[in-house]
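Since we're looking at a predicted model, the values are computed, not measured.
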Amino acid sequence: SSGSSSGSGGSQGRRRRSASVTNSTTLAALPTSQLLVNFVHVQSPDDPPPSLLGDQVAVRDVFPPTWRDCPQNQSQTAVASLTPVLWVPPTPEDNRGVVSWQGSQLPGSLFPVTPAGSPGTLVRYNATDAAGLVGHCEFYVRVVDTTPPQLQCPAAQTRIMDPNQATYMLRSQDVVPRNASDNTGGAVAVQPPSLSALAGGLHTLVLEATDVAGNQANCSFTLLVVDLQPPTFTSCPAQAEVFFTAPLGQDAVFHYNWTMPTFTDNVAIDPLRTELWDDTESPSRPATVNSSVVLTAPLLQRSLRVVVFDTSGLSSSCAKAVTISSTFVSSTSDGAGTAAASSSSSNSFILYGAGGGGALLLAIIVVLLVRARRAKRVKAANFSEIFDTLDGIPASESGCLMTPREIKREHVRIVSNLGKGNFGSVDKAMLNEHRALGIPEYLVAVKQLLSKGTFDRMALLEEAAIMAQFDHPHCVRLIGVVTKGDPLIIVLEYCEFGALDSYLKKNDIGEERKVLIAGDCAE
């Protein structure tokens with residue numbers, strides 16, 4: 001407006017000075033201001049006649065909208081890959097009124113997990129007034145994953161020592177978890193235990209899992225390493241002698257003299273459990289070095305058996321038929337004994353006495369026939385003959401055919417029946433070969449032949465011969481056979497969920513597990 005000034009008296013008669021006024025003036029108005037404009041034109045004697053004033057006043061809005069209750073930065077715990085987040089929405093305000101507003105996200109919107117080191121997702125509200133001015137409300141939303149990943153370890157496993165090794169080399173397929181997932185759906189890194197050689201016994205293995213947010217979880221499972229490789233003889237006793245002494249009319253006293261055989265084993269041999277047995281009569285008699293036994297019916301030959309044990313409690317034996325090499329008889333009527341030694345290479349012996357020689361010979365023949373029949377009944381299967389009947393049987397990784405291991409029948413304990421057919425049955429059983437070492441018995445599956453047919457027995461033996469050539473973690477493993485006596489038994493690795501095709505038909509599994517199973521089959 002035009003300014004004015006007056007003298008100290010302030011009389012209206014005095015002349016006022018003229019102040020210049022621009023034709024157009026822009027004034028800034030506060031949100032609550034009011035503007036009153038007065039135009040005063042003072043005419044001097046020299047001025048032209050008064051005329052209409054054409055001056056204009058323009059009021060410009062320079063204050064953008066504001067937001068009331070703009071939220072602070074938000075933080076929410078993740079519940080899934082996308083998590084809904086709620087907040088109280090702000091209210092836009094303006095001195096001239098809000099024309100429009102919008103927000104980049106609204107309460108209840110879904111937000112991803114915030115990566116480490118990131119402030120979060122920026123949420124921006126914009127409000128526009130009539131002057132085109134824009135006011136902002138901004139805050140960050142952080143979604144934090146604090147839930148550890150889900151990790152499910154493999155079931156308890158049993159592994160057999162590697163061939164000719166005292167350990168089992170842990171393989172990557174042994175430590176694949178059954179499930180490794182996260183609530184956010186993100187990737188989970190699984191750290192397996194070191195793939196090292198494991199000695200015999202029970203081992204506890206630990207898996208660790210880490211999600212993208214750094215949360216960790218772990219689980220553990222047990223793996224039992226067992227030794228199923230018995231000692232191997234490189235030679236039976238190089239020398240074994242049997243001789244006896246008997247005063248006339250008394251029982252014969254046999255003496256044994258033998259040398260230690262040579263053998264190898266993948267683990268150490270137990271030096272305290274090497275035994276020599278005389279199997280000529282039943283039951284067998286111990287025959288330690290220079291020991292003696294009393295026999296009432298001495299035979300021309302003695303059947304000696306050497307048994308060695310390794311530290312896993314497994315045993316092997318070799319038999320040797322030894323001809324009696326020396327005879328000591330009484331030749332005096334008063335019972336004083338004199339010795340008459342025959343040649344060490346002699347194939348017979350002479351027994352002087354009052355008894356009839358024919359009766360003794362007949363008794364010897366009867367005993368030999370009984371023993372031959374009994375030995376035939378308990379003789380183990382000859383897999384060399386079975387291999388000859390199979391064409392194109394694949395050899396094992398060692399390049400030679402692996403013979404199924406004979407297991408003692410008393411070490412197999414049937415628990416329950418899993419299925420039965422016309423010729424045999426499949427059962428769940430416990431194998432307890434290593435109880436002497438403190439290793440517990442473990443679950444196995446067994447096939448029993450119920451029929452007496454030769455064809456069925458041969459078919460089952462051929463199946464065992466073929467399975468013995470496979471040693472792979474994704475194939476059912478043959479543990480051994482029981483071929484001495486009846487029924488014929490095949491001992492197999494126990495599969496908790498049965499056949500794979502039946503399991504897939506009965507269970508709906510996720511795509512990830514299907515891919516893992518397909519990979520195992522392809523391997």
Is there a donor-acceptor pair closer than 3.5 Å between any side-chain N or O of [X] and the backbone N or O of [Y]?
X	Y	result
T83	V79	yes
S316	P231	yes
T389	I386	yes
D310	L314	yes
N215	P148	no
Q469	A465	yes

For the CD atom on Q173, are there more than 12 heavy atoms of other groups (residues, nucleotides or ligands in this structure) within a distance under 6.0 Å? yes
Is the shortest heavy-atom distance from the side chain of [X] to the side chain of [Y] under 4.5 Å?
X	Y	value
E493	T158	no
L224	Q157	no
V481	F383	yes
L488	V482	no
F221	V206	no
L504	I517	yes
V190	V175	no
P154	V176	no

Considering only NZ, NE, NH1 and NH2 on the basic side and carboxylate oxygens on the acidic side, decide whether [X] and [Y] come within less than 4.0 Å.
X	Y	result
K447	E463	yes
K428	E496	no
D486	R457	yes
K484	E406	no
R171	D162	yes

Between [X] and [Y], a side-chain donor and acceptor under 3.5 Å:
X	Y	value
Y442	N432	no
Q229	N164	yes
D427	Q448	yes

On a heavy-atom basis, the closest approach of T483 and A380 is OG1-CA, 3.5 Å
Qualifying residue for salt bridge (charged side-chain N to carboxylate O under 4.0 Å, His left out) with E433, from R409, R405, K408: R405
Separation of L170 CG from S196 OG (nearest 0.5 Å): 6.5 Å
CZ (R178) and SG (C219) are apart, to the nearest 0.5 Å, by 9.0 Å
Do V446 and V426 pass the side chain to side chain contact (heavy atoms under 4.5 Å, CB included) test, and can you show the C-alpha distance, the side-chain angles, and the key distance before you say yes or no? CA-CA 6 Å; V446 299; V426 179; over 6 Å; no
Suppose we screen for side chain to side chain donor-acceptor pair (under 3.5 Å). Which residues come up paired with T234, at least two apart in sequence or across chains? T262
Among V444, L431, I489, find the one that has a side chain to side chain contact (heavy atoms under 4.5 Å, CB included) with I407. L431
